[in-house]
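Worksheet: one structure, shown below.
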4 protein chains.
Amino acid sequence: MPWDLKPDRPIYVQLVEQIEQMILSGVFPPGSKLPSVRDLAKEASVNPNTMQRALSELEEEGLIITHRTSGRSITEDAGMIEKARIRIARNHVDEFLEKMQKLGFDRKEILSLITEMIQEVEK
Amino acid sequence: MPWDLKPDRPIYVQLVEQIEQMILSGVFPPGSKLPSVRDLAKEASVNPNTMQRALSELEEEGLIITHRTSGRSITEDAGMIEKARIRIARNHVDEFLEKMQKLGFDRKEILSLITEMIQEVEK
Amino acid sequence: MPWDLKPDRPIYVQLVEQIEQMILSGVFPPGSKLPSVRDLAKEASVNPNTMQRALSELEEEGLIITHRTSGRSITEDAGMIEKARIRIARNHVDEFLEKMQKLGFDRKEILSLITEMIQEVEK
Amino acid sequence: MPWDLKPDRPIYVQLVEQIEQMILSGVFPPGSKLPSVRDLAKEASVNPNTMQRALSELEEEGLIITHRTSGRSITEDAGMIEKARIRIARNHVDEFLEKMQKLGFDRKEILSLITEMIQEVEK
DNA sequence: GTGGTCTAGACCACC
DNA sequence: GTGGTCTAGACCACA
């Protein structure tokens, strides 16, 4: 598990992103129970308050459900999760393409650069 | 001219990015003179100090040269500019790939999604 | 403690040098916590912004690490510190040799003069 | 001839230093006539006012003499020149040694580092 | 007029 | 309380 927190951006934002990714990528499957705030905080070496704040945000997004007595769990609506995954991905692509086009890259160049770099990473 | 500054990130960072792009896209051609700090600041409705900081960063990058008493100019070294363009592009690709992989997309999926969307944009 | 600031060079540069030296000479040991910007500024009778700028430079050099909400500390990487010490020393030697050569001293003369004077100091 | 002027320090200071060095190293021998301000300025690609200012400083130091009608010349007092050369050199060594000792280098280390670097330069 | 530096004072997000 | 950012306004050396 990552939990790589850098001091350049707010901790709680990074926690939101990382937990989001764990949900969307299936580390926490739909309907599964989430560890307690305390445990999550300890695992991420973070103040419980900070973890608390991150979970609240995820609840607002609808990815997490709070049960009054028995902790939190991932939403059971698998469709919703998949939809979120696609939506976020398309956003990333959109932003990426816009930035590259502003730099004067055309489609061909973008594709060739990205395939080149994707193979470097592979090593 | 852009100068659209949003309050979500430091202004000086956005200034750096926007001026960077003006240089890379030829709004300020290599070797040309840059308006004075005060003029640029006024135009962007920003405090001169903030603009100054942005320009200093661009100087560290090697895109801008400052002549102590007679203003600043864009570097004449076209190679320098091209290098900056590549560097920035690779940064964008890096960030993009990292985000997508965290969402659980593998190389093949990333490439197919991006080629799909790049053709939508084309229309 | 030094904090002798002369008006002939930018204050923030002198601050960088002096703090640098405190780190290299062990006044602030590796891993130790640094006083807050405000405290340091007050101690040096300097505006907090000026001190902040000095600390930012030290961070870029890798000598200092900043924890967004809990202050700054000296890097724990002793190698980093040693590298800085060498880098600065070589700079001094470079500047020194250049000055001497411009005065028309050749290698032999430089070495003999310096060995002579180094022994005077010894007394 | 050097005339390498960098934009990081006042031009006229650099001119003073470089002309000083030419005198002390014998490029302009004692008693010899100095080119006119205009010529010197043209050669250094500098505004005559700036060169003028540099020469005034050298005059104050006593290295240069102005003849009301026939330009300037180097002082004829060869002893004075040699004394200045030595004095300045010893100052450089002093400053250098002090800096190195502050960095924690002892005599042996200083000598070994300097002999090492002096040979690198030689290549 | 140009860039560079500094001060004073303020506000913000974060923990 | 911490660092980070921004504004406003000032002064300086330089050409």
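In what follows, chains are A, B, ... by sequence order, proteins preceding strands, each numbered from 1.
- In this structure, CD1 on I88(C) lies 12.5 Å from NZ on K102(D), to the nearest 0.5 angstrom.
- Taking the nucleotide of DNA chain F with the nearest heavy atom to each of K33(C) and T50(B), the more 5' of the two is matched to K33(C).
- For R9(C) and E17(C), the salt-bridge test passes: some basic side-chain N is under 4.0 Å from an acidic carboxylate O.
- Across all strands, R53(B) comes closer than 4.0 Å only to sugar-phosphate atoms, never to a base (heavy-atom distances).
- Residue-level contact check: R72(B) touches the backbone only, with heavy atoms under 4.0 Å from sugar-phosphate atoms and none from bases.
- Between P10(A) and R38(B), it is R38(B) whose nearest contact on DNA chain E lies nearer the 5' terminus.
- Note on I11(D): only backbone sugar-phosphate atoms sit closer than 4.0 angstrom, heavy atoms only; bases stay farther off.
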I'd like a table of donor-acceptor pairs (distance under 3.5 Å, sequence neighbours excluded) in which one partner is a side-chain atom from residues 66-77 of chain B, with atom names and distances.
| from | atom 1 | to | atom 2 | distance (Å) |
| --- | --- | --- | --- | --- |
| H67(B) | NE2 | S73(B) | OG | 2.8 |
| R68(B) | NE | P7(D) | O | 3.4 |
| T75(B) | OG1 | D77(B) | N | 3.1 |
| D77(B) | OD1 | G79(B) | N | 2.9 |
| D77(B) | OD1 | M80(B) | N | 3.1 |

Reading DNA chain E 5' to 3', what string of ( ), [ ], | and . shows its pairs, if Watson-Crick and G-U wobble pairs count only when both distances fall under 3.5 Å? ||||||||||||||.

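- Phosphate contact (OP1/OP2 of dC14(F), side-chain N/O of Y12(D), threshold under 4.0 Å): present.
- With rounding to the nearest 0.5 angstrom, the CG atom of L34(B) is 6.5 Å from the CD1 atom of I23(B).
- Nearest heavy-atom pair across P35(B) and D39(B) is CB-CB, 4.3 Å.
- Considering CZ of F105(B) and CD1 of I86(A), their distance stands at 4.5 Å, rounded to 0.5 Å.
- In this structure, CD in E20(C) is found 13.0 Å from CZ in R85(C), a value given to the nearest 0.5 Å.
- Comparing R68(B) and V13(B) by the nucleotide of DNA chain F that holds the closest heavy atom to each, the one mapping nearer the 5' end is V13(B).
- The residue S36(C) sits close only to the backbone: its heavy atoms come under 4.0 Å of sugar-phosphate atoms, none of a base.
- Note that the first and last nucleotides of DNA chain E, 5' to 3', having any atom under 4.0 angstrom from a heavy atom of chain A are dC14(E) to dC15(E).
- Separation of atoms NZ (K99(B)) and CG (N91(A)) is listed at 9.5 Å; rounding is to 0.5 Å.
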Under the side chain to side chain donor-acceptor pair (under 3.5 Å) criterion, do D4(B) and Q18(B) qualify, and how do the steps go? CA-CA 9 Å; D4(B) 61 334; Q18(B) 296 191 14; 3.1 Å; yes

